[in-house]
Structure formats: C-alpha cells, structure tokens
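Since the structure comes first, as structure tokens, the remarks are kept for the end.
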Amino acid sequence: MSFRQFAIAYGATAAVFLGLDALWLTTMADLLYRPALGHLLRERFAPWPAIVFYAVYVAGVVALAVAPALGRRQWRGALGRGALLGLVAYSTYDLTNQATLKDWPWHVTLADLCWGVSATAVAAAAACWLASRPSRPGAAA
C-alpha cells in the first residue's frame, strides 16, 4: 500500500466511521443507552478517550480490513473483513461488560454488536473503494 493509498484509506475510514457513529450515538443515546445505562453514564463527555479510541480503531480497520483487500481492489473483501473486525471488537467490549458488570442489558449488547459489524464493514468497504481509485484521470483501473 502506498502512502497515498494509506492516507486515503485512513481518511475515508475515519470520515465514514465517525459520521456513521455520530449519527448512531446521537440517535440512540436517548433511545437505547440512557434508559438502559443511565446510571453508568458520565455527566460530561470525556473527549480524549474517544479521540484515542477512534484513532486506534480506524488504524486497525485500515490495517486488518482495508489493506488486505486493497491490492486486489476487492471492496467486498474489505466489507467482509470489516464485518469480522467489528464483531470481534464490539464483542470484546460488550461481552466483557456482560460478564463483569451487574445488570448490563442483553439488548444493549445485541444492538451494539449489530452496529459494530455494520458500521465497520461499511467504513472498510468505502475506504477500499476510494483508495483503489486511479490517482489521475485516465489512469488504468
């Protein structure tokens, strides 16, 4: 993967994943998370842990889902690898909470797993597609 492709893949993954996640979180905060987990939520959002999470997660999506599919320009491969990565990552978080926290609701776990699989898959596929585009007009695909 060239530096140009990495930069495009990282930027595209970040833009798509952050955009989707912002939409999910603003929509689902009051519908899903606050009713089920309100007693655990902070009064004020802490931005630094979120910034670190997104930087690390996007790098993981690029390295583990986008890059392997990019050489063959197979966005479907990135979609599948992204779905698997989303399942592994979100399962780690939610199932650990399920195992260790009192009253962690199963419906939150299931919703998060579906969301993590979907958002990560879409972000990886979009990034692969964008990063595999020719660098100049008329270049071979």
Side-chain angles (χ1 to χ4, degrees), residues 1-137 139-141:
M1 172 183 328
S2 70
F3 179 77
R4 177 189 166 279
Q5 287 178 314
F6 174 81
I8 292 169
Y10 192 93
T13 301
V16 172
F17 188 78
L18 280 135
L20 289 172
D21 216 32
L23 180 64
W24 171 261
L25 291 172
T26 56
T27 302
M28 299 308 287
D30 289 332
L31 296 174
L32 177 66
Y33 297 111
R34 196 165 314 285
L37 305 170
H39 62 289
L40 297 174
L41 297 178
R42 291 173 162 268
E43 286 185 35
R44 299 180 73 195
F45 176 73
W48 283 109
I51 291 167
V52 172
F53 163 73
Y54 285 114
V56 169
Y57 195 68
V58 166
V61 173
V62 172
L64 300 172
V66 178
L70 190 57
R72 295 180 301 274
R73 296 183 181 186
Q74 295 178 339
W75 65 266
R76 287 179 193 92
L79 182 81
R81 287 174 176 266
L84 178 59
L85 178 59
L87 179 64
V88 169
Y90 280 71
S91 289
T92 301
Y93 172 77
D94 282 293
L95 295 176
T96 298
N97 287 341
Q98 196 76 54
T100 60
L101 298 178
K102 184 178 177 183
D103 298 327
W104 185 269
W106 274 104
H107 71 280
V108 169
T109 295
L110 295 175
D112 269 1
L113 292 180
C114 291
W115 175 248
V117 167
S118 301
T120 307
V122 168
C128 183
W129 184 80
L130 286 168
S132 67
R133 308 291 296 156
S135 60
R136 64 186 191 290

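Counting from 1, the numbers follow the sequence of the chain as shown.
Take Phe6 and apply the side-chain contact (heavy atoms from CB on, under 4.5 Å) test, not counting sequence neighbours, and it matches Met1, Tyr10, Val62. For Ala50, the side-chain contact (heavy atoms from CB on, under 4.5 Å) test picks out Phe45, Tyr54, with sequence neighbours left out.
For the residue pair Gln74/Arg76, the side-chain donor-acceptor check at 3.5 Å is not satisfied.
Of all heavy-atom pairs between Ala36 and Val108, the closest is CB-CG2, 3.6 Å.
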With a 3.5 Å cut-off and sequence neighbours excluded, list the donor-acceptor pairs that the side chains of residues 22-29 form with protein atoms.
{"unit_1": "Trp24", "atom_1": "NE1", "unit_2": "Tyr33", "atom_2": "OH", "d": "3.0"}
{"unit_1": "Thr26", "atom_1": "OG1", "unit_2": "Ala22", "atom_2": "O", "d": "2.9"}
{"unit_1": "Thr26", "atom_1": "OG1", "unit_2": "Leu23", "atom_2": "O", "d": "3.2"}
{"unit_1": "Thr27", "atom_1": "OG1", "unit_2": "Leu23", "atom_2": "O", "d": "2.7"}

Listed pairs under 3.5 Å, donor-acceptor, residues 99-106 side chains, sequence neighbours left out:
{"unit_1": "Thr100", "atom_1": "OG1", "unit_2": "Thr96", "atom_2": "O", "d": "2.8"}
{"unit_1": "Trp104", "atom_1": "NE1", "unit_2": "Thr109", "atom_2": "OG1", "d": "3.0"}

For residues 117-129, run the donor-acceptor check on the side chains, cut-off 3.5 Å, and write out each pair with its distance to 0.1 Å, sequence neighbours left out.
{"unit_1": "Ser118", "atom_1": "OG", "unit_2": "Cys114", "atom_2": "O", "d": "2.9"}
{"unit_1": "Thr120", "atom_1": "OG1", "unit_2": "Tyr57", "atom_2": "OH", "d": "2.7"}
{"unit_1": "Thr120", "atom_1": "OG1", "unit_2": "Gly116", "atom_2": "O", "d": "2.7"}

Enumerate donor-acceptor pairs with a distance under 3.5 Å from any side-chain N or O in residues 84-95 to protein atoms, sequence neighbours excluded.
{"unit_1": "Ser91", "atom_1": "OG", "unit_2": "Leu87", "atom_2": "O", "d": "2.6"}
{"unit_1": "Thr92", "atom_1": "OG1", "unit_2": "Val88", "atom_2": "O", "d": "2.7"}
{"unit_1": "Tyr93", "atom_1": "OH", "unit_2": "Asn97", "atom_2": "ND2", "d": "3.4"}

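Looking at heavy atoms from C-beta onward, His107 lies in side-chain contact with Leu32 at the 4.5 angstrom threshold.
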Candidate pair Gln5 and Leu70, rule side chain to side chain contact (heavy atoms under 4.5 Å, CB included), full reasoning
CA-CA 9 Å; Gln5 287 178 314; Leu70 190 57; 3.8 Å; yes
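Applying the salt bridge (charged side-chain N to carboxylate O under 4.0 Å, His left out) test to residues at least two apart or on different chains, the pairs with a partner in residues 27-41 are Asp30-Arg34. Screening residues 12-26 for salt bridge (charged side-chain N to carboxylate O under 4.0 Å, His left out) gives no qualifying pairs among residues at least two apart or on separate chains.
With rounding to the nearest 0.5 angstrom, the CZ atom of Arg73 is 9.0 Å from the CZ atom of Arg133.
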